[in-house]
Amino acid sequence: MQAAEVGTIGRFDGREVKLTGWVYNVRSSGKILFILLRDGTGTIQCIVEKTAGEELFTSASRLTQESSVGITGTVRPDARAPGGWELRVTGLDVIQIAEGYPITPKEHGTDFLMDNRHLWLRSQRQHAIMTVRAGLIRFIRDFFDNRGFLCIDTPVFTPNACEGTTTLFETDYFGDKAYLTQSGQLYNEANAAAFRKVYCFGPTFRAEKSKTRRHLIEFWMVEPEVAFAGLDDIIELAEDMIVEVVGRSLERYRPLLEGVLERDVAMLERVRKPFPRLSYDEASAILKRKGAAFEYGSDFGGTDETLLSEEYDRPVFVHRFPSAIKAFYMQPDPANPALSLSVDLLASEGYGEIIGGGERVHDLALLEKRIEEHGLPKKAFQWYLDLRRYGTFRHAGFGLGVERTLSYICGLQHVRETIPYPRLLNRLSP
RNA sequence: UCCUGAGUAGCUCAAUGGUAGAGCAUCCGGCUGUUAACCGGAGGGUUGUAGGUUCAAGUCCUACCUCAGGAGCCA
């Protein structure tokens with residue numbers, strides 16, 4: 001008997017095959033019975049007729065949602081079947097009858113679904129999101145790999161804060177304190193001096209008590225860093241990357257985005273070069289004109305980001321934030337040292353900041369001064385200062401939040417669906 | 001940490017201060033092409049927890065717990 005998978009069932013037209021999987025739903029109509037079988041690659045309708053044998057029919061009628069089975073049958077096209085193909089069942093091998101599967105084919109609340117995240121992943125919607133996620137990660141890697149960037153991993157355990165200000169998860173490291181990384185950037189700068197164009201791609205941890213639809217405690221970030229590059233260079237790099245990964249996601253997953261996730265892809269189709277570039281000062285003026293409760297000198301809130309992004313039909317760059325609200329390593333703007341050569345990319349439709357980056361301080365004396373001003377432990381930064389002692393160089397980079405980007409591409413209400421097992425303020429399980 | 005809202009059957013939700021109910025799920029029965037199938041029947045409850053007001057509390061009051069959305073902070 002030929003083993004087959006639902007995803008490629010068309011190859012077996014007219015032949016008898018064996019499928020293995022889980023029962024998604026059963027519908028019975030007296031003398032005919034429909035099993036919707038899910039095998040991880042897709043779902044297919046399997047029909048069992050009473051004329052095929054009393055024993056087979058009785059056995060099939062006892063199936064419950066998520067029971068595991070092996071089903072043999074003949075593949076044939078049928079316009080009435082979802083997906084266009086169906087299986088006329090000739091044999092049924094029941095592996096286990098599942099009892100009381102919690103997620104029924106009706107509506108459920110998010111708390112209940114999150115408690116059952118390990119089962120929720122079986123649903124068509126989550127299947128679609130995880131498929132696009134895997135694709136997005138591949139497209140991002142392809143983008144950098146094809147441009148001569150080297151993927152250099154940065155550590156998850158770090159001896160000190162990268163930016164000092166945000167809250168870190170502290171762990172016991174054989175009697176010493178160690179922290180879970182909140183960015184690979186400082187290491188990226190060392191790697192850039194060794195390999196010129198580098199990126200890291202890994203998990204990031206923020207012990208912030210943020211509880212919004214844009215926040216995860218554990219999330220994935222891709223961070224490129226480029227030697228002998230400035231602010232304008234990495235803005236262009238970020239722009240090229242977004243255009244490519246959004247374009248490829250749309251090209252590859254349009255049926256999932258439109259069909260399963262009901263994404264209005266028109267917004268994604270407009271993601272073309274060039275993106276608008278606003279200075280912080282210009283953005284402030286727009287917010288003032290729109291009557292936002294924003295104060296010049298502070299960072300944008302979620303509402304401010306939405307107000308700015310709705311001015312444009314594509315993602316928008318905001319650059320040259322005040323140095324006071326950016327990290328200690330941001331290079332000051334030569335035209336106005338109160339401002340920094342920093343940039344954020346705001347996604348459309350209120351999805352907010354998906355990229356943050358800028359040009360780094362490369363002058364030793366200035367960096368030492370900044371470390372002191374920020375009250376950071378100078379000793380822990382000696383290796384970082386070495387990068388300015390031994391062949392310092394102008395360099396810049398950024399970080400892209402994978403989950404926020406995916407949320408934007410898929411058009412989701414909340415980032416918690418973009419990662420298989422989300423860690424949130426009040427949730428560590430499953 | 002703060003603001004707002006919500007906790008009732010396994011799930012999603014109803015119930016003017018006066019006998020706690022429906023749909024789905026489960027079980028039984030019916031139906032020869034179903035599309036979250038449909039039709040009939042059955043079982044299923046310490047109304048988040050602890051107090052209080054009242055003849056009477058799911059409903060009103062207080063505290064706490066949990067969850068949701070948001071603020072601050074950030075990708």
Side-chain angles (χ1 to χ4, degrees), chain A residues 24-36 43 45-52 57 61-62 64-66 78-83 86 88 97-116 119-120 123-124 162-163 165-167 182-185 202-223 238 293 298-306 321 325-327 343-347 350-357 398-408 413-416 418-419 424-427:
Chain A
Y24 200 69
N25 199 6
V26 184
R27 287 186 284 267
S28 154
S29 189
K31 305 274 191 298
I32 188 165
L33 188 143
F34 302 88
I35 304 167
L36 209 54
T43 56
Q45 174 167 290
C46 307
I47 66 167
V48 185
E49 286 169 299
K50 211 157 195 173
T51 53
F57 193 84
S61 69
R62 295 206 177 103
T64 56
Q65 197 188 351
E66 291 304 315
D78 191 305
R80 291 167 296 187
E86 66 179 20
R88 180 183 284 267
I97 295 291
E99 286 178 37
Y101 186 71
I103 302 177
T104 61
K106 284 281 176 179
E107 292 164 11
H108 298 282
T110 51
D111 188 39
F112 175 78
L113 289 170
M114 291 295 287
D115 281 341
N116 291 284
L119 303 175
W120 190 18
S123 78
Q124 201 189 13
C162 291
E163 307 185 12
T165 50
T166 36
T167 330
Q182 58 182 2
S183 166
Q185 192 221 306
T204 299
F205 309 88
R206 303 270 169 97
E208 292 162 4
K209 302 212 167 172
S210 299
K211 218 177 93 173
T212 78
R213 69 185 69 194
R214 301 183 304 280
H215 284 90
L216 291 167
I217 301 300
E218 175 183 315
F219 65 96
W220 286 66
M221 191 156 68
V222 56
E223 295 173 275
S298 66
D299 207 349
F300 302 129
T303 322
D304 300 324
E305 291 180 350
T306 305
F321 287 81
I325 55 168
K326 285 292 177 183
V343 64
D344 283 1
L345 179 68
L346 307 180
Y351 282 96
E353 184 185 345
I354 57 173
I355 282 177
F398 64 84
L400 170 89
V402 171
E403 285 77 14
R404 283 191 185 174
T405 306
L406 183 61
S407 190
Y408 162 59
Q413 290 299 307
H414 200 301
V415 283
R416 67 185 154 219
T418 60
I419 188 164
L424 302 165
L425 188 53
N426 296 320
R427 178 171 295 280

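Numbered from 1 within each chain, the chains take letters A, B, ... in sequence-line order.
- Across the C1' atoms, B:G48 and B:G70 are found 23 Å apart, a figure rounded to whole Å.
- Taking atom P on both nucleotides, B:A63 is separated from B:C2 by 13 Å, rounded to a whole Å.
- Taking only side-chain atoms of A:Arg214, from C-beta outward, the nucleotide of B:C24, B:C74, B:U12 with the closest atom is B:C74.
- Partners of A:Asn116 according to the side-chain hydrogen bond (donor to acceptor under 3.5 Å, both in side chains) rule, which considers only residues two or more places apart in sequence or in another chain, do not exist here.
- Straight-line distance between the P atoms of B:C28 and B:U34: roughly 24 Å, to the nearest whole Å.
- Between the base of B:C11 and the side chain of A:His108 there is no donor-acceptor pair shorter than 3.5 Å.
- Applying the salt bridge (charged side-chain N to carboxylate O under 4.0 Å, His left out) rule to A:Glu86 yields the partners A:Arg76; only residues at least two apart in sequence or on another chain are considered.
- Side-chain contact between A:Trp120 and A:Ile103 is present, with heavy atoms from C-beta onward closer than 4.5 Å.
- With B:U1, B:C11, B:A75 as the choices, the nucleotide that has an atom nearest any side-chain atom of A:Lys209 turns out to be B:U1.
- Rounded to whole Å, atom P of B:G7 lies 18 Å from atom CG of A:Asp115.
- Checked against side-chain contact (heavy atoms from CB on, under 4.5 Å), A:Lys31 has the following partners two or more places apart in sequence or in another chain: A:Lys50.
- Look at the P atom in both B:G29 and B:A68: the space between them is 42 Å, to the nearest Å.
- If you take CZ of A:Phe205 and C1' of B:C74, they are 16 Å apart, rounded to a whole angstrom.
- For the P atoms, the distance from B:A42 to B:C61 is 38 Å, rounded to whole Å.
- Once rounded to the nearest 0.5 Å, the distance linking CD1 of A:Ile47 with CD1 of A:Ile35 reads 10.5 Å.
- Considering only the side chain of A:His215, B:A75 comes nearest among B:A75, B:U12, B:A71.
- Contacts of A:Glu403 classified as salt bridge (charged side-chain N to carboxylate O under 4.0 Å, His left out), with partners at least two apart in sequence or in another chain: A:Arg133.
- Taking atom C1' on both nucleotides, B:U4 is separated from B:U8 by 22 Å, rounded to a whole Å.
- Helical stems in RNA chain B, defined as runs of 3 or more consecutive Watson-Crick or G-U wobble pairs with donor-acceptor distances under 3.5 Å: B:1-7 with B:65-71, B:10-13 with B:21-24, B:26-30 with B:38-42, B:48-52 with B:60-64.
- Under the rule for a side-chain hydrogen bond (donor to acceptor under 3.5 Å, both in side chains), the partners of A:Thr104 that lie at least two apart in sequence or sit in another chain are A:His108.
- Every residue two or more places apart in sequence or in another chain that forms a side-chain hydrogen bond (donor to acceptor under 3.5 Å, both in side chains) with A:Arg427 is listed here: A:Asp111, A:Asp115.
- Spacing between atom CD of A:Glu66 and atom C1' of B:A25 amounts to 14 Å, rounded to whole angstrom units.
- Residue A:Phe112 is in sugar-phosphate contact alone, with no base atom involved, counting any heavy-atom pair closer than 4.0 Å across all strands shown.
- Computed from coordinates, the A:Leu425 CG to B:G70 P distance equals 13 Å when rounded to whole Å.
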Dump every N/O contact between nucleotides 65-69 of chain B and the protein below 3.5 Å, one line per pair.
residue, atom, partner, partner atom, Å
B:C67, OP1, A:Asn426, O, 3.2
B:A68, N7, A:Lys211, NZ, 3.4
B:G69, OP1, A:His414, NE2, 3.3
B:G69, OP1, A:Arg416, NH1, 3.0
B:G69, OP1, A:Arg416, NH2, 3.1
B:G69, O3', A:Arg213, NH2, 3.1

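- Here the C1' atom of nucleotide B:A75 and the CD atom of A:Glu305 are 10 Å apart, to the nearest Å.
- The shortest non-hydrogen separation linking A:Phe321 to A:Asp344 is CZ-OD2, 3.6 Å.
- Partners of A:Tyr351 according to the ring-ring contact (aromatic ring centres under 6.0 Å, His included) rule, which considers only residues two or more places apart in sequence or in another chain, are A:Tyr408.
- Among the nucleotides B:C11, B:G72, B:C74, the one closest to any side-chain atom of A:Ser210 is B:G72.
- B:C73 and B:G17 have their P atoms separated by 43 Å, given to the nearest Å.
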Sequence-aligned protein contact record of nucleotides 26-34 of chain B, with B where the base is within under 4.0 Å of a protein heavy atom and S where only the sugar-phosphate is: -----BBBB

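- In this structure, A:Glu353 has no side-chain hydrogen bond (donor to acceptor under 3.5 Å, both in side chains) partners at least two apart in sequence or on a different chain.
- The side-chain contact (heavy atoms from CB on, under 4.5 Å) search around A:Thr64 returns A:Ser67, A:Ile97, A:Ala98, not counting sequence neighbours.
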